[in-house]
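Throughout, residue positions are numbered sequentially from 1 according to the sequence presented.
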Amino acid sequence: MKALFNLFFAAILLLTACNKKDGPSIPSEGINPVIQSLIPTSAAANATVTIKGKRFSAIPVENIVKFSGVKATVLSATDTLLTVQVPEDGGTGLITITVKDRTSKGPIFSYLIDDDTNNIIDYITSVYTGKGVSGNVLGALADASFNNPEGIAFDVNGDLLVADRTNQRIKRIANGVVSLIAGSGTAGYVNGIGAIARFNNPYRLAVNKAGTIIYIADLTGNRIRKIDVATQNVTLFSGPSTPVAGPIGFLDGTSANARFNNPIDMVVDDEGILYVVDNNNHAIRRIDLDGSTTTLAGDGTAGFSDGSWPNVKFNKPSGICIDNEGYLLVADRFNHRIRKIDRHTGKTTTIAGTGIVGSVDGEALKATFNGPFGINVDKQNNIYVADLGSHSIRLVKTTNQVITIGGIGSTGNTLGGVGTSSFNNPTDIDVDINGNIFIADMSNNRIIKMTPVSK
């Protein structure tokens, strides 16, 4: 009996050992297709959108994509990427994909329609100037070249000014010709006329209402420079006068005593007051006509909070403009939000973005951004954002809806309409009087013109 029991016990041990060797049962992975992202999430009919995911078919016709129930044309396919043409008769609603009779739902897609005319709008990009490779050539638009054009701004005459960062020069585009305003082409700190002057990574620029002064955010110099337009004479406006890379600080005071930490962008109001985005101080500074500096919002430490100074916090704010109602708008880069500041009181609110990294369109306070960097408005008070991390151009409409009007969510240099055009680190943006949008496509070394068209 004992021998029988031992035999039975050994069998149990052997069975247990076999089970352990085989390991636990692992459920098989689902085989439905998965939509992970849709770029853009709003576009006009016939535009091209990019769908990223997994378990697609590499044969285009085997992927059945529908926009709110209307079948779309799949233009190209891999197992992780589809390019799809938006159908004519679709409507705002869910995207679905079916592969071999297995269907999955994706995000909501919005048809791009102009709110005033009910016309479908597309945004077509073209190269305004720049060869697409680094260079430092002046002359006709087709011949000119740049090296990391970081900032752009229109002056009162409609000329486009360019902060050509790595070339250490400020340039003017007028009548189809790119010319030099100031900068020797060598980094440094030298005041003087035109090509005598030296800058140390000029990032952005701003022009006063009269068009007589150009202000330069001389980032690595930690100072604000100004150019007399009539004479092209470059002088110090606020910040340290020595050394070449001025001392970093966070100090209000007179022109000579004020200190900054990578001032990156500026805007001038109608009274001539300059507002500076002090990037590494996480603050917005105000500079009066005499160069004296005060802090309007931000306390020098990174964070996020709305309210009034000293309770307001930013996280690497990187862009600024003034809207048509006189409020400052700030691209709060690492908070992934758009902030609004009363320039008289410093009271700050959030008008777009959740703080979560992403590129989701929709209601402004539910939309997501990825490192918003440059910002400006048109004459209707629509807000345009160069969303650096997503390599996209976003539009915050006056209806408080965010839509993507350019870029595919990754780097590229493709021209075309919504869903096709692509950028490589778009850093700044401005809008001319006709509503054309100009973009500093920095790492592509060119200036892009984006034209809204009715379809």
Which atom pairs, donor and acceptor, lie under 3.5 Å between side-chain atoms of residues 145-155 and protein residues at least two apart or in another chain?
{"from": "Ser145", "atom 1": "OG", "to": "Asn136", "atom 2": "N", "distance (Å)": "3.0"}
{"from": "Ser145", "atom 1": "OG", "to": "Val137", "atom 2": "N", "distance (Å)": "2.9"}
{"from": "Asn148", "atom 1": "ND2", "to": "Thr166", "atom 2": "OG1", "distance (Å)": "2.9"}
{"from": "Glu150", "atom 1": "OE1", "to": "Arg165", "atom 2": "NH1", "distance (Å)": "2.9"}
{"from": "Asp155", "atom 1": "OD1", "to": "Asn157", "atom 2": "N", "distance (Å)": "2.9"}
{"from": "Asp155", "atom 1": "OD1", "to": "Gly158", "atom 2": "N", "distance (Å)": "3.1"}
{"from": "Asp155", "atom 1": "OD1", "to": "Asp159", "atom 2": "N", "distance (Å)": "2.9"}
{"from": "Asp155", "atom 1": "OD2", "to": "Arg172", "atom 2": "NH1", "distance (Å)": "2.9"}

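- Shortest non-hydrogen contact noted between Ala163 and Tyr203 is CB-O, 3.6 Å.
- With a 4.5 Å cut-off on side-chain heavy atoms, Ile437 and Ile405 count as touching.
- Scanning both residues, Val268 and Ala206, for their nearest heavy atoms gives CG2-CB, 3.9 Å.
- In plain terms, the two heavy atoms of Pro317 and Ile264 that are nearest each other are O-CG2, 3.9 Å.
- Side-chain atoms of Thr220 and Asn201 include a donor-acceptor pair closer than 3.5 Å.
- Asn262 and Asn280 share a side-chain donor-acceptor pair at under 3.5 Å.
- Scanning both residues, Gly409 and Ser392, for their nearest heavy atoms gives N-OG, 3.7 Å.
- Looking only at side-chain heavy atoms (C-beta outward), Ile383 and Asp323 stay at 4.5 Å or farther from each other.
- Looking at Ser305 and Asn311, their side chains never bring a donor and an acceptor atom within 3.5 Å of each other.
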Asn46 and Glu88: CA distance, side-chain angles, deciding distance, side chain to side chain donor-acceptor pair (under 3.5 Å) verdict: CA-CA 6 Å; Asn46 298 314; Glu88 286 274 3; 2.5 Å; yes

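- Residues Pro87 and Thr73 fail the side-chain proximity criterion, which asks for heavy atoms closer than 4.5 Å.
- You'll find the side chain of Tyr128 reaches within 4.5 Å of the side chain of Leu141, heavy atoms only.
- In this structure, Asp342 does not pair ionically with Lys347, as no charged nitrogen and carboxylate oxygen lie closer than 4.0 Å.
- Side-chain contact between Ile403 and Lys397 is present, with at least one heavy-atom pair separated by less than 4.5 Å.
- Between the side chains of Asn381 and Thr398, no donor N or O sits under 3.5 Å from an acceptor N or O.
- Using a 4.5 Å heavy-atom threshold, the side chains of Pro60 and Leu75 count as separate.
- Of the possible donor and acceptor atoms, none in the side chain of His282 sits under 3.5 Å from a partner among the backbone N and O of Gly300.
- In this structure, Arg198 has no salt bridge (charged side-chain N to carboxylate O under 4.0 Å, His left out) partners at least two apart in sequence or on a different chain.
- Remark: side-chain polar atoms of Arg446 are not paired, donor with acceptor, to backbone N or O of Gly132 under 3.5 angstrom.
- Side-chain N or O atoms of Thr83 include one that pairs as donor or acceptor with a backbone N or O of Ser76 at under 3.5 Å.
- Within the structure, the ring pair (Phe, Tyr, Trp, His ring centres under 6.0 Å) test picks out no pair touching residues 306-326 (sequence neighbours left out).
- Partners of Lys366 under the salt bridge (charged side-chain N to carboxylate O under 4.0 Å, His left out) rule, at least two apart in sequence or in another chain, are Glu363.
- Listed by chain and residue number, Arg394 satisfy the salt bridge (charged side-chain N to carboxylate O under 4.0 Å, His left out) test with Asp387 (two or more places apart in sequence, or in another chain).
- Residue pairs meeting the salt bridge (charged side-chain N to carboxylate O under 4.0 Å, His left out) criterion with at least one partner in residues 44-53, sequence neighbours excluded, are absent.
- Asn63 has its side chain within reach of Ile97: a pair of non-hydrogen atoms, C-beta onward, lies under 4.5 Å apart.
- Put simply, the side chain of Arg102 reaches to within 4.5 Å of the side chain of Pro33, judged on heavy atoms.
- There is no side-chain donor-acceptor pair under 3.5 Å between Thr368 and Thr354.
- The heavy-atom pair separating Ile322 from Val377 by the smallest distance is O-CG2, 3.6 Å.
- In this structure a side-chain-to-backbone donor-acceptor pair under 3.5 Å is missing from Asp378 to Gly435.
- To the nearest 0.5 Å, the span separating CD1 on Ile95 from NZ on Lys66 amounts to 12.0 Å.
- Under the side chain to side chain contact (heavy atoms under 4.5 Å, CB included) rule, Phe369 has a single partner from Leu388, Ile338, Asp332, which is Ile338.
- A pairwise comparison of heavy atoms in Val330 and Ile284 identifies CG2-CD1, 4.0 Å as the closest pair.
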